[in-house]
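Everything below concerns the one structure shown next.
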Number of protein chains: 2
Amino acid sequence: MSKLPSLKNLSYLLALHQHQNFNRAAQACNVSQSTLSSGIQNLEEQLGCQLIERDHKSFLFTGMGEEVVEQARRILTSTEELLYFAQSQGKIMEGPLRLGCIPTIAPFLVGPLTKQLQVDHPKLQLNIREDTTDNLLHLLRNGELDVLVLALPVDLQGNQSYVLGRDPFKLVMHQSMADNLHEPVQYNQLPDNSIFLLEKEHCLTGHAVAACELADSTKINPFTATSLHSLVQMADARLGATFIPQMAIDRGILNGTDLVALQPTGQQASREIGLVYRPTTNRRQTFRRLAEFIAQLLPEPLLK
Amino acid sequence: MSKLPSLKNLSYLLALHQHQNFNRAAQACNVSQSTLSSGIQNLEEQLGCQLIERDHKSFLFTGMGEEVVEQARRILTSTEELLYFAQSQGKIMEGPLRLGCIPTIAPFLVGPLTKQLQVDHPKLQLNIREDTTDNLLHLLRNGELDVLVLALPVDLQGNQSYVLGRDPFKLVMHQSMADNLHEPVQYNQLPDNSIFLLEKEHCLTGHAVAACELADSTKINPFTATSLHSLVQMADARLGATFIPQMAIDRGILNGTDLVALQPTGQQASREIGLVYRPTTNRRQTFRRLAEFIAQLLPEPLLK
DNA sequence: AACCTTAATTAGTATTTCCGATTATAGTAA
DNA sequence: TTACTATAATCGGAAATACTAATTAAGGTT
């Protein structure tokens with residue numbers, strides 16, 4: 001069996017990939033340029049393949065180089081996790097925790113969550129990143145995030161999850177439009193093109209359409225919004241109706257508007273919120289505890 | 001950030017865990033006992049915690065030590081995979097492949113599979129281990145196996161899978177017992193205690209009972225067998241009936257007996273066969289290809 | 001009591017890693 | 001053209017590390 005590549009050299013490769021420049025990468029690693037350079041060469045020799053194509057002045061990662069970077073990132077992440085886990089003696093709810101959250105949850109969760117955690121677990125350093133489901137799953141996979149808060153169902157791509165609770169959808173529209181409607185609202189009472197949704201990148205769109213049984217797409221306005229706050233503004237301007245999760249309403253997203261929230265059609269007109277983590281994690285206990293915290297902040301907690 | 005533990009020291013720890021003896025572990029690593037000893041101490045210092053409890057004469061892994069071993073195993077496995085992946089230039093269907101298979105599939109799959117692979121992919125070194133679903137999943141998780149052939153559904157514990165096909169169950173009994181039965185066989189026509197099954201460790205038992213809608217447990221004989229071949233022997237001795245998968249019948253498990261295979265009750269009286277692998281693998285292409293090979297050998301292939 | 005086995009320790013050696021300086025190459029500005 | 005800048009590779013020596021053999025210490029066995 002040939003010798004394993006060293007973690008140090010793998011980290012050099014990652015830095016080089018990130019900075020795309022030997023000097024800056026070396027600086028980031030606190031080593032000299034020559035050290036990093038020979039580290040990479042060493043790695044190429046051990047792996048028996050070319051990782052970067054050089055042309056005296058510059059370089060480019062090969063396909064294999066990119067692949068190796070991906071895997072090296074996972075290996076280094078696991079090792080860092082092991083180090084942290086051991087150093088903290090397996091204590092839960094301590095140290096840095098990088099949490100990813102989708103944009104239709106984050107603004108309504110982050111505030112109360114951080115406040116609560118600061119009181120109960122001051123040693124936990126919560127670091128939050130807001131992005132789409134797909135991007136977050138990628139970052140989780142690569143070890144750039146530790147745990148995600150997503151709306152389910154979603155293809156977990158081999159990750160594991162705790163179900164935290166449900167978040168009902170409400171059909172939100174201007175007071176003046178709601179006068180002659182009965183709950184749950186039948187969509188055929190609404191004019192065509194009168195329902196506004198988020199861009200398709202947001203999983204909320206699909207979840208809302210499915211959960212609220214909005215099969216009739218002629219009701220959906222092709223113009224999409226980029227945030228719940230935009231949707232609220234559009235509805236308040238009497239452009240039409242929209243779906244807003246209860247969570248956002250509880251946090252006062254409708255305050256100062258003339259909007260009303262009505263019950264939409266749908267057996268279970270709600271989305272499920274889950275906490276997602278790598279199956280190889282060593283921080284399950286922390287995640288479990290975190291899950292309980294977050295569940296408490298949901299309209300319909302299912303945990304604990 | 002403190003320094004990462006070296007892979008070398010982690011491998012020393014693994015060896016020590018495996019051999020439970022410094023000298024033998026050192027030998028296995030091709031280093032001296034003192035090297036290994038100080039390597040472990042080094043590791044403990046870096047991780048800032050005790051991994052083994054020593055009492056001048058012997059030692060014992062601490063709880064944390066066991067945890068670290070588990071994770072170290074994963075890290076080393078990933079790194080070895082990276083090394084192999086790079087060295088083989090990402091070529092598929094080459095090199096060693098450690099496949100785990102459950103006992104109710106292995107005897108009927110391994111023969112034709114290895115024969116076929118030797119012809120089409122002679123550079124693939126197939127290494128097969130037969131064990132129960134639970135044990136195989138554990139070995140997969142720990143990197144001691146690369147890929148599993150299991151009967152589904154089963155809790156994949158975060159692993160991923162390809163569905164390969166279906167394998168129908170047949171109700172097998174002695175000719176003389178089958179005379180006045182109609183297919184699909186109604187179980188109430190059978191005497192009590194007349195159906196023999198495998199030990200509960202075998203997932204086939206549960207799958208067969210569910211798929212063939214055998215709710216009436218008074219029909220099940222409490223005496224269990226340890227292999228399909230035993231079941232066949234018992235049925236041939238007119239002790240009763242049993243469920244045998246089509247795959248085994250196709251491979252001639254009933255040859256030389258006076259048994260007949262009847263269609264049991266059940267909408268879809270069959271089990272699903274799947275190929276299971278770690279979500280972090282870098283050999284998806286190989287597994288995909290292997291999946292196609294195995295699917296061809298199933299009674300009802302679903303792949304390709 | 002003598003001997004064996006165990007893991008830790010020590011001191012010296014070998015190896016590896018790293019740095020600083022230099023080189024080679026290409027692009028850019030005067 | 002001629003400097004000047006920026007890039008990555010190379011080289012020689014210094015520092016750090018890893019390794020070994022021999023020894024020690026302690027418990028168990030004969």
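Numbered from 1 within each chain, the chains take letters A, B, ... in sequence-line order. Not measured: the values here are computed from a predicted model.
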Nucleotide [N], atom [atom2] - distance to [atom1] of [X] in whole Å:
X        : N       : atom1 : atom2 : result
Phe22(A) : dT25(C) : CZ    : P     : 17 Å
Leu10(B) : dA18(D) : CG    : C1'   : 16 Å
Leu7(B)  : dT17(D) : CG    : P     : 17 Å
Glu53(A) : dA9(D)  : CD    : P     : 13 Å
Lys8(A)  : dT17(C) : NZ    : P     : 8 Å
Asn42(B) : dA16(D) : CG    : P     : 16 Å
Asn30(B) : dA18(D) : CG    : P     : 18 Å
Ile52(A) : dA8(D)  : CD1   : P     : 9 Å

So if I take every side-chain heavy atom of [X] and compare against [options], which nucleotide ends up nearest?
X        : options                 : answer
Arg24(A) : dT20(D), dT7(D), dA9(D) : dT7(D)
Asn23(A) : dT6(C), dA18(D), dT7(D) : dT7(D)
Phe59(A) : dA8(D), dA9(D), dC19(C) : dA8(D)
Ser37(A) : dT9(C), dT10(D), dT7(D) : dT10(D)

Taking the nucleotide of DNA chain C with the closest heavy atom to each, which residue, Gln33(B) or Ser38(A), is nearer the 5' end? Gln33(B)

Give a yes/no answer on whether the side chain of Ser32(B) brings an N or O atom under 4.0 Å of OP1 or OP2 in dT20(D). yes

Would you indicate, yes or no, if dA18(D) has its OP1 or OP2 atom less than 4.0 angstrom from a side-chain nitrogen or oxygen of Tyr12(B)? no

With Leu117(B), the side chain to side chain contact (heavy atoms under 4.5 Å, CB included) member among Asp120(B), Leu113(B), Thr114(B): Leu113(B)

Taking any heavy-atom pair under 4.0 Å as a contact, classify Gln41(B): base, sugar-phosphate, or nothing. sugar-phosphate

Going by atom types only, do His17(B) and Glu66(B) share a side-chain donor-acceptor pair under 3.5 Å? yes

Classify the side-chain pair Gln71(B)/Asn282(A) by whether it contains a donor and acceptor separated by less than 3.5 Å. yes

Do the side chains of Glu81(A) and Arg74(B) get close enough for a salt bridge, i.e. N-O under 4.0 angstrom? no

Short side-chain to backbone donor-acceptor contact, Asn159(A) and Leu156(A), under 3.5 Å: yes

With no angle test and no hydrogens, is the base of dA9(D) tied to the side chain of Ser34(A) by a donor-acceptor pair under 3.5 Å? no

